[in-house]
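Have a look at the structure below, then the notes.
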Amino acid sequence: MSQSNGKKILVVDDERSMREFLEIMLQKDGYDVQCAESGSDAVEIIQREFFDLVITDIRMKPVDGLQVLKECKRISPKTVVVIISAYASTETAVAAMKEGAYDYLPKPFKIDEMRAVIGDALQIKEEHETYQTAREGPLYFGCLIGESPAMCKVYELIERVAPASSNVLVTGESGTGKELVARAIHRQSPRGDRPFIAVNCGGVPESLIESEMFGYKKGAFTGAASTHKGLVEAAQGGTLFLDEISELSPGLQVKLLRLVQEKTVRMIGGTEDTSVDVRIIAATNRNLEMMVIEGKFREDLYHRLNVLPISLPPLRERREDIPLLSDYFVAKFRKTLNKDVRKISSYAIDILTNYDFPGNVRELENIIERGVVLESSSIILPDSLTLANYKKKRSLDLQPASTVLPPEGMDLDQYLAGIEKGLLNEALQRAQGVKLKAADLLGISFRSLRYRLLKYGFGDYEE
């Protein structure tokens with residue numbers, strides 16, 4: 001028997017041979033194993049002891065596996081539950097997932113498959129618990145979430161540039177969190193207790209942004225009934241964040257250059273300059289260097305702003321952060337929307353991690369919010385994701401160019417399901433029935449493939 005790894009597993013099955021088989025296998029793998037021959041016995045044991053994982057058959061009397069699952073989640077929410085059954089069906093699988101089961105394995109299962117499911121389940125459980133308790137370090141850096149190498153580099157840069165007073169240029173695609181980076185720099189800087197003023201250079205009409213930024217004197221223009229200080233002066237001693245800096249007109253670029261060089265500001269209609277002490281953090285989703293070459297952005301201003309550059313990676317380049325971000329947004333919207341949605345299923349995560357997210361973290365946040373709103377159970381399933389862009393991208397890649405919507409209309413879900421079933425069948429044929437190879441051909445995980453095969457009623461294949 002292997003040395004114990006400290007993880008406790010409860011096996012629940014009314015078939016003695018299955019209990020003994022799983023007990024021997026799991027003990028060899030180093031787990032502390034207990035067995036229950038009925039659902040009612042399992043519930044009593046769970047009330048007395050904590051288990052990291054429960055493996056339960058679904059067809060038992062008088063207390064079946066679904067009741068064991070419900071009671072386990074009520075008594076010990078942190079315990080992971082895996083359902084096994086010789087009577088696999090889509091309905092029971094979906095019912096188990098909605099009640100919070102981690103996975104659903106049909107009998108007979110392969111030893112390697114069971115070991116993989118248990119290993120993944122316990123690893124995800126540990127990572128989730130670490131996420132819930134961690135509030136510092138690379139996993140949770142202020143308002144920025146992620147532990148990927150790309151984000152760790154961003155955190156390191158923030159810590160290095162925060163103490164300085166030099167200007168910072170944050171670049172990255174829309175939705176990557178450029179303002180969050182600016183706020184993190186401000187909070188960790190000596191200016192952290194002073195104002196942080198954000199200006200969206202592309203969100204204010206050109207006729208108004210100059211007066212908003214630099215202020216105006218009474219009578220400077222029609223409607224200027226009193227002298228008004230601008231946002232630059234409002235940021236005195238703190239940080240001025242200029243988002244979408246590439247949208248500034250040439251005239252405003254000249255005025256901003258004067259502010260950067262001279263540290264002074266002049267109100268519209270005024271004749272005197274006012275000294276200001278502000279640190280400027282600019283952000284853009286465009287290539288400013290190319291705009292300089294094209295004559296659309298001042299070269300001298302670009303170099304003044306780009307003293308300390310920070311580049312944010314798109315979400316598709318840090319896919320390992322998607323589960324962490326998803327958990328965070330589920331917790332956020334569970335609270336704000338008052339919905340009892342506790343997690344996102346592994347199948348839904350598989351879909352998200354295979355999506356390119358053109359809208360980056362902002363798009364993921366919107367997807368999870370919709371999922372929490374639409375989900376009727378305690379776990380977000382793939383059907384609640386409403387990934388219109390994902391489906392569109394995949395179908396455009398696969399459908400023939402001559403596809404035409406029939407005059408009488410069509411059932412889109414049925415049409416897409418037919419395409420999915422056809423591709424699943426072709427992948428299995430090419431892989432000669434080996435599911436791991438079929439999953440690789442389709443670019444999805446093994447668990448995601450198994451979920452789809454069960455959904456569409458495919459027969460058994462080799463691993």
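Counting begins at 1 with the first residue of the sequence.
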Query raised in the report: Can you tell me if E233 uses its side chain to pair, donor with acceptor, with the backbone of F214 under 3.5 Å?
Result: no
Query raised in the report: Within the distance-only criterion (no hydrogens, no angle test), does the side chain of K73 pair as donor or acceptor with the backbone N or O of T79 below 3.5 angstrom?
Result: yes
Requested in this report: Write down the atom of V154, the atom of P313, and the distance for their closest heavy-atom approach.
Outcome: CG2-CD, 4.0 Å
Report task. Decide yes or no for M114 and L105: does some side-chain heavy atom of the first lie under 4.5 Å from some side-chain heavy atom of the second? Result -> yes
Query raised in the report: Which heavy atom in F241 sits nearest to a heavy atom in A182, and how many Å separate them?
Result: CD1-CB, 3.5 Å
Query raised in the report: Under the 3.5 angstrom rule, does the side chain of S378 hit a backbone N or O of V341 as a donor-acceptor pair?
Result: no
Query raised in the report: Is there a donor-acceptor contact under 3.5 Å linking the side chains of N360 and T176?
Result: no
Query raised in the report: Any donor and acceptor pair, going by atom type alone, linking the side chain of N425 with main-chain N or O of K421 inside 3.5 Å?
Result: no
Requested in this report: Determine, stepwise, if the pair V82 / V117 fulfils side-chain contact (heavy atoms from CB on, under 4.5 Å).
Outcome: CA-CA 8 Å; V82 174; V117 168; 4.0 Å; yes
Report task. Mark yes or no for whether H186, through its side chain, and I197, through its backbone, hold a donor-acceptor pair below 3.5 Å. Result -> no
Query raised in the report: Salt bridge check: are K332 and E369 linked by an N-O gap of less than 4.0 Å?
Result: no
Report task. Measure from the side-chain N and O atoms of Y355 to the backbone N and O of L364, and report whether any donor-acceptor pair falls under 3.5 Å. Result -> no
Requested in this report: For residues S384 and L374, report the shortest heavy-atom separation together with the two atoms involved.
Outcome: O-CD1, 4.1 Å
Query raised in the report: What is the distance from atom CG of L385 to atom OG of S345, rounded to the nearest 0.5 Å?
Result: 7.5 Å
Query raised in the report: Just wondering, are more than 12 heavy atoms of other shown residues or ligands nearer than 6.0 Å to CG in N338?
Result: no
Query raised in the report: Less than 4.5 Å apart, any side-chain heavy atom of L352 and any of I344?
Result: yes
Query raised in the report: Do V170 and I281 have side-chain heavy atoms sitting under 4.5 Å apart?
Result: yes
Requested in this report: Indicate yes or no: at least one non-hydrogen side-chain atom of L453 is less than 4.5 angstrom from one of L428.
Outcome: yes
Query raised in the report: So does R298 pair up with D300, basic N to acidic O under 4.0 Å?
Result: yes
Query raised in the report: When you look at CD of E294, are more than 12 heavy atoms from neighbouring residues, nucleotides or ligands closer to it than 6.0 Å?
Result: yes
Report summary line: So CG of L252 and CG of L259: to nearest 0.5 Å the spacing works out to 11.5 Å
Query raised in the report: Restricting to pairs with a member in residues 311-322, which pass side-chain hydrogen bond (donor to acceptor under 3.5 Å, both in side chains), not counting sequence neighbours?
Result: S148-D321, E173-R316, R318-D321, R319-D356
**Report entry** Pairwise side-chain contact, R362 with S174, heavy-atom cut-off 4.5 Å (strictly under)
**Finding:** yes
**Report entry** Inter-residue atom distance I293.CD1 - N287.CG, 0.5 Å rounding
**Finding:** 7.5 Å
Query raised in the report: Taking all non-hydrogen atoms of both residues, which atom of L423 and which atom of L442 are closest, and how far apart?
Result: O-CD2, 4.1 Å
Query - Side-chain ion pair, D273 and R266, N-O less than 4.0 Å - result: yes
Report task. With rounding to the nearest 0.5 Å, note down the distance linking CD1 in I380 to CZ in F329. Result -> 12.0 Å
Report task. Grab the two heavy atoms, one from A121 and one from L53, that are nearest each other, plus how far apart they are. Result -> CB-CD1, 3.9 Å
Query raised in the report: Does CZ belonging to R115 count more than 12 external heavy atoms closer than 6.0 Å?
Result: yes
Query raised in the report: Taking everything shown except K8 itself, do over 12 heavy atoms lie less than 6.0 Å from its NZ?
Result: yes
Report task. Begin with the C-alpha distance, continue with both residues' side-chain angles, and end with the deciding distance and a verdict on side-chain contact (heavy atoms from CB on, under 4.5 Å) for L315 and L325. Result -> CA-CA 10 Å; L315 190 53; L325 289 162; 3.7 Å; yes
Report task. Determine, step by step, whether V199 and E212 satisfy the side-chain contact (heavy atoms from CB on, under 4.5 Å) criterion, reporting the C-alpha distance in whole Å, the side-chain angles of both residues, the deciding distance to 0.1 Å, and the verdict. Result -> CA-CA 9 Å; V199 181; E212 285 295 312; over 6 Å; no
Query - Heavy-atom closest contact (E375 atom, L381 atom, distance) - result: OE1-N, 3.2 Å
Query raised in the report: Is there a donor-acceptor contact under 3.5 Å from the side chain of R279 to the main chain of A164?
Result: yes
Query - From SG (C152) to CD (E147), nearest 0.5 Å - result: 7.5 Å
Requested in this report: Show your reasoning for whether side-chain contact (heavy atoms from CB on, under 4.5 Å) applies to K229 and T274.
Outcome: CA-CA 11 Å; K229 286 186 178 181; T274 301; over 6 Å; no
Query - Backbone N/O of L248 and side chain of Q253: donor-acceptor pair under 3.5 Å - result: yes
Report summary line: Sorted by chain and number, sequence neighbours left out, side-chain contact (heavy atoms from CB on, under 4.5 Å) with N200 holds for E244
Query raised in the report: Would you say M213 and K255 make side-chain contact, with heavy atoms under 4.5 Å?
Result: no
Report task. Output the distance between atom CD1 (I158) and atom CG (L308), rounded to the nearest 0.5 Å. Result -> 12.5 Å
Query - Any side-chain heavy-atom pair of Y347 and D103 under 4.5 Å - result: yes
Report task. Report yes if the side chains of F357 and I367 come closer than 4.5 Å at any heavy-atom pair, otherwise no. Result -> yes
Query raised in the report: Does a sphere of radius 6.0 Å around NZ in K218 hold more than 12 heavy atoms from other residues, nucleotides or ligands, not counting ones at 6.0 Å or beyond?
Result: no
Query raised in the report: Side chain of K339, backbone of V373: donor and acceptor closer than 3.5 Å?
Result: yes
Query - Heavy-atom donor-acceptor pair, K178 side chain to A282 backbone, under 3.5 Å - result: no
